[in-house]
Novice: 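Quick one: structure below, then a few questions.
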Amino acid sequence: MDAVVVLHEHRIGFIVLRDEDGGFIVAELQSSDDIQRGDIISGVFDVSQTQTFTNKANEDEVDLRVHGMGMTEEEAIKFIQDKTAS
């Protein structure tokens with residue numbers, strides 16, 4: 001599945017992606033911080049563990065830990081707000 005990066009919260013190392021179905025995914029960067037808004041991340045999104053994905057913008061591999069899938073935009077924003085507040 002491909003998903004587009006819509007937010008990169010550098011302060012806490014989290015990104016928000018919009019998937020092919022219009023849902024939102026919140027993930028924590030476990031490796032490279034070389035991700036920009038608009039990049040397309042490709043892989044199998046699953047909340048069970050850290051996985052390696054491909055950033056199609058630069059063909060780099062990036063390790064992500066998915067914290068939520070199929071979220072609404074509001075749920076994703078709330079998740080990030082809660083993380084930045086703690």
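Computed from a prediction, not measured in an experiment: that's the story for all the values here.
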Novice: Under a 4.0 Å threshold between the charged nitrogen and the carboxylate oxygen, would Lys56 count as salt-bridged to Asp39?
Specialist: no
Novice: So, taking the atom named CG in Asp21 and the one named CE in Met1, what distance separates them when rounded to the nearest 0.5 Å?
Specialist: 5.5 Å
Novice: Please report the shortest heavy-atom distance between Thr72 and Phe24, naming the atom on each side.
Specialist: C-CD1, 3.7 Å
Novice: Between Gln30 and Leu64, what is the shortest heavy-atom contact and its length?
Specialist: CG-C, 4.1 Å
Novice: Can you tell me which residue among Asp2, Val4, Leu17 is in a side-chain contact (heavy atoms from CB on, under 4.5 Å) with Ile41?
Specialist: Leu17
Novice: Once salt bridge (charged side-chain N to carboxylate O under 4.0 Å, His left out) is applied, what residue pairs with a partner in residues 70-86 remain, sequence neighbours excluded?
Specialist: Lys78-Asp82
Novice: Assess the residue pair Ile15 and Glu9 against the criterion (side chain to side chain contact (heavy atoms under 4.5 Å, CB included)); give the C-alpha distance rounded to whole Å, side-chain angles, the decisive distance to 0.1 Å, and a yes or no.
Specialist: CA-CA 6 Å; Ile15 60 174; Glu9 182 51 69; over 6 Å; no
Novice: Can you tell me if Asn55 uses its side chain to pair, donor with acceptor, with the backbone of Glu59 under 3.5 Å?
Specialist: no
Novice: Within this structure, what is the CG-OG distance for the pair Leu29 and Ser31, rounded to the nearest 0.5 Å?
Specialist: 7.0 Å
Novice: Going by atom types only, do Asp34 and Asn58 share a side-chain donor-acceptor pair under 3.5 Å?
Specialist: yes
Novice: Do the two ring centres, one from His8 and one from Phe14, sit under 6.0 Å apart?
Specialist: no
Novice: Is it true that Asp63 and Thr50 share a donor-acceptor pair across their side chains at a distance under 3.5 Å?
Specialist: no
Novice: Ignoring hydrogens, what is the shortest heavy-atom contact between His67 and Arg65? Give both atom names and the distance.
Specialist: CD2-O, 3.3 Å
Novice: Please report the shortest heavy-atom distance between Val47 and Met69, naming the atom on each side.
Specialist: CG1-CG, 4.0 Å
Novice: Do you know which two heavy atoms are closest between Ala3 and Asp19, and how far apart they sit?
Specialist: CB-CA, 4.0 Å
Novice: Give a yes or no answer on whether the side chain of Gln51 reaches the backbone of Asp46 with a donor-acceptor pair at less than 3.5 Å.
Specialist: yes
